[in-house]
Amino acid sequence: MKLPKVCQILGEYVAFDFEWDNTTHIMLAASFVNNLGSKKVYLNSHSEIALLENIKAELLEYSWSIGWNSNTSFENNNNGGTSNGGNLNDIANDNFIADDVQCDLGVLYERCETNGIDNIIFKSQKGSRAYYSIPGLYHIDLYQVYNKQMVQNTIYNRAYRTHKLDDVSKALLRHGKFKGLGGKDFLKLSIKDRKKYSLRDSELVMELSKHSNFEVLDAMLAISEITGLDFERVCRTNLTTWWGVLFDQMIQNGECPEPFNTFDRESVKYKGALVLDPKQGLYHNTVVVDAASLYPTVSIHSNLSFDTVNCKCCKNNSRAKVKLNDTFFKGCKFISKNKCWICQKREGAFPKKLKIFRHERLQQKKLGNGAKQLALKILINGGYGVFGHTKFSYYNPMVAELVTTYGRYTLTKMQDIAKKLGFHIIYGDTDSLFLNNPPSKITLSKFQKLCKEKLDIENEEKNTYNTLILSAGKKHYIGYENGLVAIVGYEGKKNDRCEFVKETFNGLINSIIKNNTNPIPALEKAMYTLESGKVDPKLLKKSIRLGQNPKDYKSQTCQAAKIGRAVGAKKGELVEYFDSNIKKTGRSWSKNYRHIDISKYKQSLWNSVSEVLEITKYPVNELAEKFDVRTIKRKNNNDGHVMQNLPAV
DNA sequence: CGATACTGCTTACCT
DNA sequence: ACAGGTAAGCAGTATCGC
């Protein structure tokens, strides 16, 4: 395999990980793994100072080092719930609770200061955030790279749920921390195991940096080349920074003017995509067509940019008016029919860049430069969203809302074209149409041709489902194509549901859609096993990811806040629990498997499977009675759609 | 009084 | 420190029928 470009930059580099005492912050251990395989562990066996000196000496050996959660700490200075910026008086106060998140270099800095020895770390503070660096040397906090939204979505397809080293490693490398232990267990280990534990973390960081032939770091380097930002800086910044400097440069080069519209930065939501009402049912032979990169395309077609929308020069030019039907402005927050126009004299900075990036991406694909094309994809796909982000220096919700509005217009026109050709549209979301029983392959290519001619939109045939179960609710369907079952949106794949429900749901779907067998016996068995209490509690464990620190929740009564508080979990962590009966245990949840409330699990299982059974014509009312569960009312927006092709069961 | 409907908050998902 | 649209679950509260 070709050695990626980023390896030339990094040269010989080291991954490290430190262990420290949670309350005193006394350094306990440090491990170092370099990219050539050399491994070292230092323990605090007789003196912390000796350990600190070893750490410093080791770090100074390399011009590049990488860590996990290693260079940024957040001080959550909450004293009795009121945040006051955490001034020194508070820290001196004995009652002050520093609920802070520490990083490796921060602890190293702090311990060197406390022990009164030379410090090689430089600390800079910005509000509640402290950033640590080693002057003269480069460092990458890999956590910040894997934490990026666009890395998770574009590269890893949401493979990891939390951003902890253990979770990311398990998802990508298929193995996690030493014996699955956490930092709290460290001092309980034998000396030998402490070494292994510490070393494992550095090994994982090193492996993640190399994962998939340096895929992520190489893409970050490519973004650094495209934007001109330092590689190190790209690793710790995001889309708003990248698009920001791209536009800054264009202004400096005289390629575009400065923004002339200003907006309140009060994050008012603007109108987004069009989602069609699904026609609930079971279908055979459905084609899904998909408008290729809709938002970048409409941005280019309609010249949408911060320097073209409501420009100074075309205010009275009737040709500049946005010529869309009134209905497309309905519900819009920032644009209206007679109050917005688009520059006719100049090509906007955003479409200009998008065109260059698109062209460049094609070239790089041909050259086999995976990293560069990935970097360009990230920039192209993330370009529209930044205009709707209040912290973006070129924030312009009019641009964002015009993009979605032209998107809705395009999908609407696509429907018109499809209908005229005799297609039966059963669903569609943002840029896609689900066409049932397409008249023929020829009509399909006619559809594509007309979309190209009338809308200048490329339509791809994304899927051809032999069987499709379409829910009455949006964003839920199950497709079967070439022996593969795609479960989209359903509870059977949602991460906060218990394994048992997910497994039973998936089994039932496979039985119906793939194996053409009667799913009821297996469902009956699942219900019976639940009732008899014979299900492994592990399979009934539910988990939620905390979006906040427990004390920060607006709703202090919500499950996440209550459970999080009870178990001392922090933002970003998973809390696990069982559903329990509030009348018997006083709480609707419990950590104790003996408190499991079976009827809740039965209901949850039923809620997951009942609609699919209904669509495939199983007697749901009868079954609900048999299983002793409530039938649930669902909205029905069938528009009198007549079910066709009854299941072959 | 208890069941039911509605609301707000939250997570997780889709494009 | 890219976006909005959507379903579903929980907890609390208003509302309805008895």
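Computed from a predicted structure; not experimentally measured. All values below come from the heavy atoms of this structure, side chains included, with hydrogens, waters and symmetry mates left out. Chain letters run A, B, ... following the sequence lines, proteins first and then strands; every chain starts at 1.
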Chemist: Out of the candidates A:F247, A:F350, A:W243, only one should pair with A:F306 under the ring-ring contact (aromatic ring centres under 6.0 Å, His included) rule; please name it.
Modeler: A:F247
Chemist: Would you mind classifying the nucleic acid contact of A:G272 as base, sugar-phosphate or nothing, using non-hydrogen atoms under 4.0 angstrom?
Modeler: sugar-phosphate
Chemist: C:dA11, C:dA3, B:dT15: which one has an atom nearest the side-chain heavy atoms of A:R158?
Modeler: B:dT15
Chemist: Any salt bridge between A:K542 and A:E576, counting N to O under 4.0 Å?
Modeler: no
Chemist: Tell me whether the OP1 or OP2 atom of C:dC10 has a side-chain N or O from A:Y553 closer than 4.0 Å.
Modeler: no
Chemist: From C:dT6, B:dT10, C:dG9, pick the nucleotide closest to the side chain of A:K474?
Modeler: C:dT6
Chemist: Does the side chain of A:N495 get closer than 4.0 angstrom to OP1 or OP2 of B:dC13 through an N or O atom?
Modeler: yes
Chemist: Nearest whole Å is fine: how far is B:dT15 P from A:L433 CG?
Modeler: 13 Å
Chemist: Whole angstroms only, please: what is the CG-P distance between A:D431 and C:dG5?
Modeler: 15 Å
Chemist: Would you call A:K372-A:E360 a salt bridge at under 4.0 Å N-O?
Modeler: no
Chemist: So if I take every side-chain heavy atom of A:Q559 and compare against C:dG5, B:dC13, C:dA11, which nucleotide ends up nearest?
Modeler: C:dA11
Chemist: For a quick check under 3.5 Å, do A:T162 and A:D167 share a side-chain donor-acceptor pair by atom type?
Modeler: yes
Chemist: Would you call A:E491-A:K502 a salt bridge at under 4.0 Å N-O?
Modeler: no
Chemist: If only side-chain N and O atoms of A:H389 are considered, is one of them under 4.0 Å from the OP1 or OP2 phosphate oxygen of C:dA3?
Modeler: yes
Chemist: Between C:dT6, B:dC14, C:dG12, which nucleotide has the shortest distance from any of its atoms to the side chain of A:K493?
Modeler: B:dC14
Chemist: Would you mind telling me which of C:dG9, B:dC14, C:dC2 lies closest to the side-chain atoms of A:D429?
Modeler: B:dC14
Chemist: Walk me through it: do A:F357 and A:W242 pass the test ring-ring contact (aromatic ring centres under 6.0 Å, His included)?
Modeler: CA-CA 14 Å; A:F357 285 171; A:W242 305 339; over 10 Å; no
Chemist: Tell me the interatomic distance from A:I487, atom CD1, to B:dA12, atom C1', rounded to whole angstroms.
Modeler: 16 Å
Chemist: Just the rounded figure in Å: distance from P of B:dT11 to CD1 of A:I563.
Modeler: 12 Å
Chemist: Between C:dA7, C:dG4, C:dG9, which one does the side chain of A:K269 approach most closely?
Modeler: C:dG4
Chemist: With the side chain of A:K542 defined as its heavy atoms from C-beta on, choose the nearest nucleotide among C:dA11, C:dC10, B:dA12.
Modeler: C:dC10
Chemist: Kindly indicate, with the supporting measurements, whether the criterion side-chain contact (heavy atoms from CB on, under 4.5 Å) is fulfilled by A:D456 and A:H301.
Modeler: CA-CA 8 Å; A:D456 197 14; A:H301 286 167; 3.0 Å; yes
Chemist: Listed in order of residue number, which residues of residues 140-156 of chain A have a non-hydrogen atom at under 4.0 Å from DNA chain C?
Modeler: A:Q149, A:N153
Chemist: Among all residues two or more places apart in sequence or in another chain, which pass the ring pair (Phe, Tyr, Trp, His ring centres under 6.0 Å) test with A:F334?
Modeler: none
Chemist: Check every atom of B:dC13, B:dA12, C:dC2 against the side chain of A:R545 and return the nucleotide holding the closest atom.
Modeler: B:dA12
Chemist: Of the candidate nucleotides B:dT11, C:dA8, B:dT15, which contains the atom at the shortest distance from the side chain of A:E491?
Modeler: C:dA8
Chemist: Rounded to the nearest angstrom, tell me the gap between atom CG in A:D277 and atom C1' in C:dT6.
Modeler: 12 Å
Chemist: Heavy atoms under 4.0 Å is the rule here; annotate nucleotides 13-18 of chain C 5' to 3' with B where the base is hit, S where only the sugar-phosphate is, and - elsewhere.
Modeler: ------
Chemist: Would you tabulate the side-chain donor-acceptor contacts of residues 142-151 of chain A under 3.5 Å, counting partners in other chains and residues two or more places apart, or write 'none'?
Modeler:
residue, atom, partner, partner atom, Å
A:Q144, NE2, A:N71, OD1, 2.8
A:Q144, NE2, A:T72, OG1, 2.8
A:Q144, NE2, A:D141, OD2, 3.3
A:Y146, OH, A:L208, O, 2.9
A:N147, OD1, A:H163, ND1, 2.8
A:K148, NZ, A:V234, O, 3.1
A:K148, NZ, A:C235, O, 2.9
A:K148, NZ, A:T237, O, 2.5

Chemist: I want to verify a distance call: between C:dA3, C:dG9, B:dC14, whose nearest atom is closest to the A:N607 side chain?
Modeler: C:dG9
Chemist: In whole Å, what is the span from the CD1 atom of A:I380 to the P atom of C:dC2?
Modeler: 18 Å
Chemist: Please give, in whole Å, the distance from C:dA8 P to A:K475 NZ?
Modeler: 13 Å
Chemist: With sugar-phosphate meaning primed atoms plus P, OP1 and OP2, does A:G489 contact a base, only sugar-phosphate, or nothing at under 4.0 Å between heavy atoms?
Modeler: sugar-phosphate
Chemist: If you look at every strand shown and take non-hydrogen atoms under 4.0 Å, does A:Y490 touch a base, only sugar-phosphate, or nothing?
Modeler: nothing
Chemist: May I ask you to list the residues of residues 391-409 of chain A, by number, that have any heavy atom positioned under 4.0 Å from an atom of DNA chain C?
Modeler: none
Chemist: Keeping to residues at least two apart or across chains, list the salt bridge (Lys or Arg N to Asp or Glu O under 4.0 Å) pairs with something in residues 287-297 of chain A.
Modeler: A:D290-A:K462
Chemist: Salt bridge (Lys or Arg N to Asp or Glu O under 4.0 Å) between A:K475 and A:D429: does it pass, once the steps are laid out?
Modeler: CA-CA 8 Å; A:K475 298 177 193 284; A:D429 186 346; 2.8 Å; yes
Chemist: Any side-chain N or O of A:S588 less than 4.0 Å from the OP1 or OP2 oxygen of C:dC10?
Modeler: no
Chemist: Rounded to whole angstrom units, what separation is found between the CZ atom of A:F434 and the C1' atom of B:dT15?
Modeler: 11 Å
Chemist: Do the side chains of A:L468 and A:Y427 get nearer than 4.5 Å, heavy atoms only?
Modeler: no
Chemist: Looking only at side chains, do A:Q603 and A:N607 share a donor and an acceptor under 3.5 Å apart?
Modeler: yes
Chemist: Do A:P351 and A:L304 have side chains that get closer than 4.5 Å, going by heavy atoms?
Modeler: no
Chemist: Using a 4.0 Å heavy-atom cut-off across all strands, classify A:Y270 as base, sugar-phosphate, or nothing.
Modeler: sugar-phosphate
